[in-house]
Structures are given as structure tokens and as C-alpha cells.
Amino acid sequence: MGNYFSPERETASLEQIRAWQTEGLIKAVNKVWNNVPYYRRKMEMAGVTPDDIKGLNDLKKLPFLTKDDLREAYPYGLMAEPLEKCVRIQSTSGTTGRRVVAFYTQNDVDLWEECCARALVAAGATKDDVVHVAYGYGLFTGGAGLHGGSHRLGSMTLPMSSGNTDRQIQFMTDLGSTILCCTPSYAAYLAESIHERGLIDKIRLKAGIFGAEAWTEEMRHDIEQALHIKAYDIYGLTEISGPGVAFECQAQAGMHINEDYFIVEVIDPKTGEVLPEGAKGELVFTSFSKEAFPLLRYRTKDICILSREKCSCGRTFVRMSKPLGRSDDMLIIKGVNVFPSQIETVLLNNGYAANYQIIVDRQKHSDSIEVLVEMTPEMFSDEMSEIKAREKKLVGDLKSMLGIYAVVRLVEPKSIVRSEGKAVRVIDKRNLYKG
Ligand code: DLL
């Protein structure tokens, strides 16, 4: 399974990877110390200077950086290069609080596109493919990242952006798109729409690269079956460049992190202590190769597990599990920790599509959770008593999975608003967290 975009780097020895990281870390620490007053202040407050950082073992001496730092330093406070060297700005899709912006020099764009090209090749793409990019274009990094990666590879790039499903399907059939890049929820919606129009035989897709939001193995299975493709996960965040920080290979068993450009740590989100390989904790990245916007020890809030077990694809880069939740999107309901992905697993196991909404509320100091689930058209024509029995079954399964009682309401097919980007799955009316 030796398909690589940058073979000598993607299969480098661990020793070589550590050498790149050590050199990069020392350079980056000196750079931010000299160029970014905000960083220098943070390091001084933590009692650390560049002289203290001689190798990877010293990384833990550096203070963490969080989204709050990025918001505080907004817009230009963390820029490490003069404005005239920067060629691009992208931004997170956050809807609360101040937006987070990231800057790129031409080298930064090149490096990011290389990461995305690696993801495409790992999913089986070659320059003969038609890459259908249905991630949003604009400030969001999804469209720009995969678009750039596809160009870099030399594939035919279809810059669709998200939305206008009829046009997506028309281009997909007319132009013979072979690789689909979009969020998993939009892929599921496209699959549903293609089947409704009876056009599945006209689709020539062979693989999909889906990320930017959490999705389960069950959802992967459903999308693969519906579109007759292999579905690969891709991970990234704007602050660390965008999609392509990590990507799945043919083994579909975790995402390889591009360790020649990023150092990854897993920490205990409560104490900040660095955890050993195999432990579940929060991912922390150091983007030591970035020129305009290098971030040291950036806390992602994504909860993951890392593995250095040998991968059948031959890549030596460490693998991260699918994010198992976020340390900040985890819902605490009646004192119980609930991840939306657990609810999704129950629904998919029961034959529902991933069209659902979780509504959390608090009345008289007591939390409640309601799950709206879309019926399939077949179920919708069932007797009322059968529908009630289905709801009861879901209540029971959710109770076993979550340990708490959730109200389940089966709703009409297509009554939950479809997303063209990231699905809004949780409505937390309690407002416990202010953005
Ligand atoms: O979502 C970048 C991206 C675009 C990744 C396209 C993959 C494909 P942000 O908008 O900054 O960037 O959101 C970053 O999204 O911290 C995760 O919580 C979540 N996320 C990204 N990829 C995945 C994934 C883009 N594959 C935040 N699985 C991250 C689960 C993901 N969550």
C-alpha cells in the first residue's frame, strides 16, 4: 500500500522525525521570542527563555496557548512575520465570541497544500482524478485546503464549494467526479439526494475525504454503502493551518499526523500533565514550520488517543484516533458526561440516518435532554403504535449508553434542517458556557 505524496518524509525513521522536530522547535521558540511581544510576555511569565529549550524534552517547559490567547491577541498580535510577507488570511467558523484568524506566508500555503495533497494520495487520488471540492470556500479552510492539495497533485479540481445540491449532483454526473471532499454530514445528504433522484448509477466516485466535524464508524459505513466509495477521515484546525494536519490512509485505522511539520502531545485537560502514548487526553500541537503564525503548545480541546503501532501503509507518522469528543463540547447532563457521538452511535445502530438534534434544557434546576430523530420514509408510514414502540426502544438504548433518561421524539423525514457545512447537532438552552 505504498502510495505517498512525499515518500521520503512520510516514511522517515522516528530518529529523523525527531531531528526535524528538534531543529524546528528551537528555531520557532527563538523566532517568537524575538518577533512576538505577546509570546515573549507569556514565556517570561512562565519563567522560560529560549536558552531553556534545547530539545523535545524541554517542550513541556513552554506555556500552553489557548483560543483565549488568540482572541486576546486578535487580529495581529501573534503574527511572527511582517505583513508584507503574508499572503493569506483564513478564519475559524466559530459563531460565538471573537473570530480567530490565522495568517500564511507563501511557504505556509505551500506546506499546507502539501499536507492536503498527502491526504488525497493516501485516499487513492492521482493526477487522473476529478476532485470535487464541496467544502465551503472563503474564510473556512476546508475549500481552500483541499483545493490547493488537489492542484498540487495535478488532479482536475472542481471548486464547487458547499450548497446547491442539484448543481453538485449535475456536475458530479456530467464531469465524472471521482473524489468527493466535504463534511461527512453533507456527504450523507448528497448520498440521500442522489438516491432520491435515481442517479446512483451515474456516479463515478471512488473515494471521499470527509472531516471538519465528528463522525462515527457507523456513519462511515452508511456513506460508503450509499455512494459505493471508500470514505476517509481528515483532521485539522484553522489555527494549525487547516485540513491535512492528519489524514487517514488505506488502512482506515486512525489518522497519520504530519509530524515532519507538527509536534503533537496529549495532555490531561484538567491538570495539563503530558500523558503517555495510548492514553486518552487533549491534543496539543506545536506548528514549528509555520512562518507567519507558529503556535507553540496550542490546546485543541479535541480528546484523542495516539498510537505509534506500525501501520500497514508503511507511514511512520503517529496516528490519532477519531476525536472522541471535545473537552469543551462534552455535555454534562444531570451530572453525567455525554458526548453527542454516543447518541449518534445508538441512532445509527437502530437503522436511523445521522439526521438528529439534541436539545438540552434546564427547568427548576433539573436538566433534561430531548433527542429529535428523523424517521426514514418507510417508518413514517408505520402505525402510531409502532412509532411509539420505536421511540421506546431508542429511550432504552440511550439509557444503556448514557446512563440517563432522554426523551426521544421521532419526527417526519426531512424535517430537521440539513447542513451544507458543519451540522448543528446540539442546542443547549442552558447557556452554561459563554463564548
Ligand atoms: O474544520 C478544518 C478542516 C476542514 C478539517 C476540512 C477537515 C476538513 P476549524 O473550523 O478551525 O477547522 O475547526 C477545527 O473541528 O478542533 C475539531 O474539533 C473539529 N474537527 C476537524 N476535523 C475533524 C474530524 C476545520 N475529522 C475543529 N473529526 C477541530 C472530528 C474534527 N472533528
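Counting starts at 1 for both ligands and their atoms, in listed order.
Atom 16 (O) of ligand 1 has its nearest heavy-atom neighbour, among Asp302, Leu237, Thr183, in Asp302.
Backbone and side-chain nitrogen or oxygen atoms of Tyr135 are examined, and none is located within less than 3.5 angstrom of a nitrogen or oxygen of ligand 1. Where the criterion is an N or O separation shorter than 3.5 Å, residue side chain and backbone included, Trp215 fails it with respect to ligand 1. By the 3.5 Å distance cut-off applied to N or O atoms, Pro323 is not counted among the residues near ligand 1. For Gly211, no nitrogen or oxygen atom sits less than 3.5 Å from a nitrogen or oxygen atom of ligand 1, counting backbone and side chain alike.
Ligand-side atoms of ligand 1 in range of Phe140: 1 (O), 4 (C), 10 (O), 25 (C), range being under 4.0 angstrom from any heavy atom. Close approach of ligand 1 to Asp233 is summarised as follows: ligand atoms under 4.0 Å from at least one heavy atom of the residue are 24 (C), 26 (N).
Not less than 6.0 angstrom separates the ring centroid of His132 from the ring centroid of Phe171. You'll find the ring centres of Tyr39 and Trp33 outside the 6.0 Å limit.
Screening residues 279-317 for ring-ring contact (aromatic ring centres under 6.0 Å, His included), with sequence neighbours left out, gives Phe103-Phe293.
Taking a cutoff of 4.0 Å between a charged side-chain nitrogen and a carboxylate oxygen, Glu114 and Arg118 qualify as a salt bridge. Ion pair Glu248/Arg319 not flagged as a salt bridge, since none of the NZ, NE, NH1 or NH2 atoms sits closer than 4.0 Å to an Asp/Glu carboxylate oxygen.
When non-hydrogen atoms are compared, ligand 1 lies under 4.0 Å from the backbone of Thr238 as well as from its side chain. Within the 4.0 Å heavy-atom criterion, both parts of Ile234, backbone and side chain, lie near ligand 1.
At least one heavy atom of Glu213 sits less than 4.0 Å from an atom of ligand 1.
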Considering only distance and modelled atom types, tabulate donor-acceptor pairs under 3.5 Å from the side chains of residues 399-408, sequence neighbours left out.
unit_1, atom_1, unit_2, atom_2, d
Ser400, OG, Gly396, O, 3.0

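Between Tyr186 and Tyr189, the ring planes are tilted. Angles from 30° to 60° get that label.
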